[in-house]
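In what follows, a single structure is set out as structure tokens and then discussed.
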Amino acid sequence: MKQTQVNHRDHAEAAERRAPGDAADDDADAAARRVVRSPSDAEAAEYWTEERVAAEQRRSLETNIWEEGPADEFNFQWRVRENEPLRLFDIKCGTINKLVEHLCQPWPKNRLLKELEIFAHGFMVTYQSFITPEQLLSKLFERFNPSPSESKEAARGSIYRKHSEDMYFIGMRKSVLRYLGLWLRKRFQDWTPEMLNDLDHFLRDTPFAIDPALKDSVRYLRRLLDRKLSQGTYVNMFGSGKELHDPPRSEVPACGWENVRSILDIPPLEFARQLCIYDYAIYDEIQPYEFFDLAWSKPRLHYRAPNLIQLKNHFNQLSRKVAGCLLSTDRILDRTLTLKWLIALCHELCTLQNFHSMYAVLCALDSSSIYRLRVTWSSLSKRHLAMLSKMKTIMSSDKSFQNFRNLTSTMKPPAIPFLGITLTDLTFIQDGNPPHIRGMINFYKRFLEYEVIESCLRYQHRCYDLVMVPQFLPFYEKLTVYSESAMYERSIRLEPKDKKLLEQVVRQDRRRLLEEELQLSL
């Protein structure tokens, strides 16, 4: 029996691109494909090694976007959902050229445009996982400027087929300009001086000469670019309010900042405010590309995620510092006061919606070194225990932090979410979805990442309206960070495991307290 030929090379080699407009070649190619079956997933995975995938990405980058040929299973695939209508952002995979082409489709202003905007936002957040900003700008310029021979083939079969060919290209070019404007507004930090200079020349030399109908779109983009270039401050670059409007007056410790020796000297509210300022300064600098490829968890990729790693390290440091503050006190009364202070700090952080630092303090209180201090915990009032229980319920890990997710779904800025949930979600997405499918970009994986990253970074560019206290940070940096083993040894010494030794420690502590009270009375 004659075997059917297996197409192992998909669109990269087996599907040779024919010249546009050649109907005879189209028919011949269609007939050939009927006897060429698609490879199985196992066969495709065996063929598409890392080297072949990299070669395919280079090919797509080096090929002009108008020379890619029409969309087919070898360069673009939809993600079909059973019994549900297809949406413009339901894309399974595609080559770089086809994804950029889809990004700048000339869709009319209706429901389809809204769906395309969702795709554009997802693309804008994740594109740096497969293409650089410079390469993307070059592809957008290619999309804007087709050659005359490519025009007829591109317009054939489009949604504008009942109208003139010129109408198709007016809509397509407006889409390119629309995305350039979105890119400038939302991700201005992606633009290098060279890219801004290229865009400036493009706007001055190209659109008006091609089509006067683009006048309004170009004028808007021109104004936007001029405003971005003329406003060099951090506030204007990111298009957000970083200036304080009506901040509350900071609470000064009773002893004065210059005499602060312990965290108990600082009001919990003011401590929480200063943590919000410190945390937000790092959180607001996190870029979407820092989440790609689990860079925060791989030492060789740490250079890609500097802000994410800094905030992660601060989480661990804060947790150990507050635990050290509690364990550094010898008397039960002092430890009880410190524990009450830490619970009040958690409450203030929760009120300020700084869940990242709040969870760091909760983790310290749940650590084995502190959780085992039964005598200290038994000294707490019901009010403090109820307050702590409420915050633990919010940050419960049950059902994948369902309570916290429900809370943040309606939360308004300013806020700092707990990043650990985001990193866990991204790890599951990374482990369960390959970056490429048969040599094409797995955009479904990127869109899943976009939804997680967007939910994490949605509170950026809206800072806390609080006043920084210069004396706080030097004091905070001096707080001791103990190792896990050192904290546990200290905990055992404060409240021994042996019941008789523990009773002896409690009696000695009470005796010292009575002696101090007697001296004060004299």
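- At a threshold of 4.5 Å between non-hydrogen side-chain atoms, the residues Asn97 and Asn75 do not count as touching.
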Taking it one step at a time, do Asn403 and Ser396 satisfy side-chain hydrogen bond (donor to acceptor under 3.5 Å, both in side chains)? CA-CA 7 Å; Asn403 293 338; Ser396 171; 5.0 Å; no
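- From His121, atom NE2 reaches atom NZ of Lys186 across 5.0 Å, with rounding to the nearest 0.5 Å.
- The side chain to side chain donor-acceptor pair (under 3.5 Å) search around Glu101 returns Lys98, not counting sequence neighbours.
- Trp78 places a side-chain heavy atom less than 4.5 Å from the side chain of Leu88.
- Residues Leu352 and His347 are not in side-chain contact: their nearest non-hydrogen atoms beyond the backbone lie 4.5 Å or more apart.
- Arg223 pairs by the side chain to side chain donor-acceptor pair (under 3.5 Å) definition with nothing, not counting sequence neighbours.
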Under the criterion side chain to side chain contact (heavy atoms under 4.5 Å, CB included), I'd like the reasoning laid out for Thr192 against Asn197: C-alpha separation, chi angles, the key distance, then a yes or no. CA-CA 9 Å; Thr192 64; Asn197 186 58; over 6 Å; no
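- Legend: residues meeting ring-ring contact (aromatic ring centres under 6.0 Å, His included) with Phe428, ordered by chain and number and at least two apart, are absent.
- Counting only heavy atoms from C-beta outward, the side chains of Phe443 and Cys93 never approach each other to under 4.5 Å.
- In this structure, the side chain of Gln135 engages the main chain of Thr132 through a donor-acceptor pair within 3.5 Å.
- By the 6.0 Å contact criterion, CD on Glu84 is enclosed, its count of non-hydrogen atoms from other residues, nucleotides or ligands being greater than 12.
- In this structure, Phe291 and Trp296 have perpendicular ring planes: the angle between them is above 60°, well past the 30° mark.
- Judged purely by distance below 3.5 Å, without hydrogens or angles, the side chains of Thr95 and Arg59 never pair a donor atom with an acceptor atom.
- Side-chain contact between Leu419 and Ile286: present, with at least one pair of heavy atoms (C-beta onward) separated by less than 4.5 Å.
- Aromatic pair Phe89/Phe447: centroids less than 6.0 angstrom apart.
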So Met395 and Phe418, side chain to side chain contact (heavy atoms under 4.5 Å, CB included) or not? Walk me through it. CA-CA 9 Å; Met395 301 305 299; Phe418 171 51; 4.0 Å; yes
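- Residue pairs meeting the salt bridge (charged side-chain N to carboxylate O under 4.0 Å, His left out) criterion with at least one partner in residues 414-423, sequence neighbours excluded, are absent.
- Taking the side chain as every heavy atom from C-beta outward, Glu56 and Arg52 never approach each other to under 4.5 Å.
- For the atom pair Asp198 CG and Met195 CE, the distance stands at 8.0 Å (nearest 0.5 Å).
- Among pairs with a residue in residues 444-453, those fulfilling salt bridge (charged side-chain N to carboxylate O under 4.0 Å, His left out) read Lys445-Glu449, at least two apart in sequence or across chains.
- Donor-acceptor pairing under 3.5 Å is lacking for the side chains of Asp90 and Tyr444.
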List the steps, then state whether side-chain hydrogen bond (donor to acceptor under 3.5 Å, both in side chains) holds for Ser60 with Gln57. CA-CA 5 Å; Ser60 186; Gln57 302 311 305; 5.9 Å; no
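- The aromatic rings of Phe123 and Tyr179 stand perpendicular to each other, their planes meeting at an angle above 60°, with 30° marking the opposite boundary.
- Scored by the side chain to side chain donor-acceptor pair (under 3.5 Å) test, Thr427 finds no partners at all (sequence neighbours excluded).
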Between Ile394 and Leu407, does a side chain to side chain contact (heavy atoms under 4.5 Å, CB included) hold up when you go through it step by step? CA-CA 8 Å; Ile394 293 175; Leu407 176 64; 3.8 Å; yes
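- Between Phe130 atom CZ and Leu61 atom CG the span is 10.0 Å, to the nearest 0.5 Å.
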Decide yes or no on side-chain hydrogen bond (donor to acceptor under 3.5 Å, both in side chains) for Thr408 and Arg458, but give the supporting numbers first. CA-CA 10 Å; Thr408 56; Arg458 72 175 71 169; over 6 Å; no
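- A heavy-atom distance below 4.5 Å is found between the side chains of Ile421 and Phe404.
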Could you go through Asp200 and Arg222, starting from their C-alpha distance and side-chain angles, then the distance that decides it, and tell me whether this counts as salt bridge (Lys or Arg N to Asp or Glu O under 4.0 Å)? CA-CA 8 Å; Asp200 182 63; Arg222 177 79 263 171; 2.5 Å; yes
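- Under the 6.0 Å cut-off for aromatic ring centres, Phe119 and His102 qualify, their centroids lying closer than that.
- By the side-chain contact (heavy atoms from CB on, under 4.5 Å) test, Tyr289 pairs with Gln128, Gln287, Phe292, sequence neighbours left out.
- Residues satisfying the side-chain contact (heavy atoms from CB on, under 4.5 Å) criterion with Cys363, sequence neighbours excluded, are Phe315, Ser319, Tyr359.
- The side-chain tip of Lys228 points at the ring of Phe188 from less than 6.0 angstrom away and within 45° of straight on.
- Leu180 is linked by a side-chain contact (heavy atoms from CB on, under 4.5 Å) to Leu137, Leu140, Val176, Leu177, Trp183, Trp191, Leu199, Phe202, Leu221, counting only residues two or more places apart in sequence or in another chain.
- For the pairing with Leu448, the side-chain contact (heavy atoms from CB on, under 4.5 Å) check across Asn433, Leu426, Ile453 returns one residue only, Asn433.
- A salt bridge links Glu142 with Lys139: the closest approach of a Lys/Arg side-chain nitrogen to an acidic carboxylate oxygen falls below 4.0 angstrom.
- Atom NZ of Lys174 and atom CZ of Phe144 lie 11.0 Å apart (nearest 0.5 Å).
- Here Met391 contributes atom CE and Leu349 contributes atom CG; the two are 9.0 Å apart, rounded to the nearest 0.5 Å.
- Asn313 is linked by a side-chain contact (heavy atoms from CB on, under 4.5 Å) to Ile309, counting only residues two or more places apart in sequence or in another chain.
- Taking OH of Tyr283 as the start and CG of Leu311 as the end, the distance is 9.5 Å to the nearest 0.5 Å.
- Among residues two or more places apart in sequence or in another chain, the side chain to side chain donor-acceptor pair (under 3.5 Å) test is passed with Glu290 by Asn307.
- Side-chain atoms of Pro414 and Tyr464, non-hydrogen and from C-beta on, do get closer than 4.5 Å to each other.
- Residue pairs satisfying the salt bridge (charged side-chain N to carboxylate O under 4.0 Å, His left out) criterion with at least one member in residues 292-319, sequence neighbours excluded, are listed as follows: Asp293-Arg304.
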After noting the C-alpha distance and the side-chain angles of Phe401 and Thr424, does the key distance pass the side chain to side chain contact (heavy atoms under 4.5 Å, CB included) rule? CA-CA 11 Å; Phe401 291 89; Thr424 301; over 6 Å; no
Does the side-chain hydrogen bond (donor to acceptor under 3.5 Å, both in side chains) test come out yes or no for Gln105 and Ser175, once each step is laid out? CA-CA 6 Å; Gln105 289 283 12; Ser175 294; over 6 Å; no
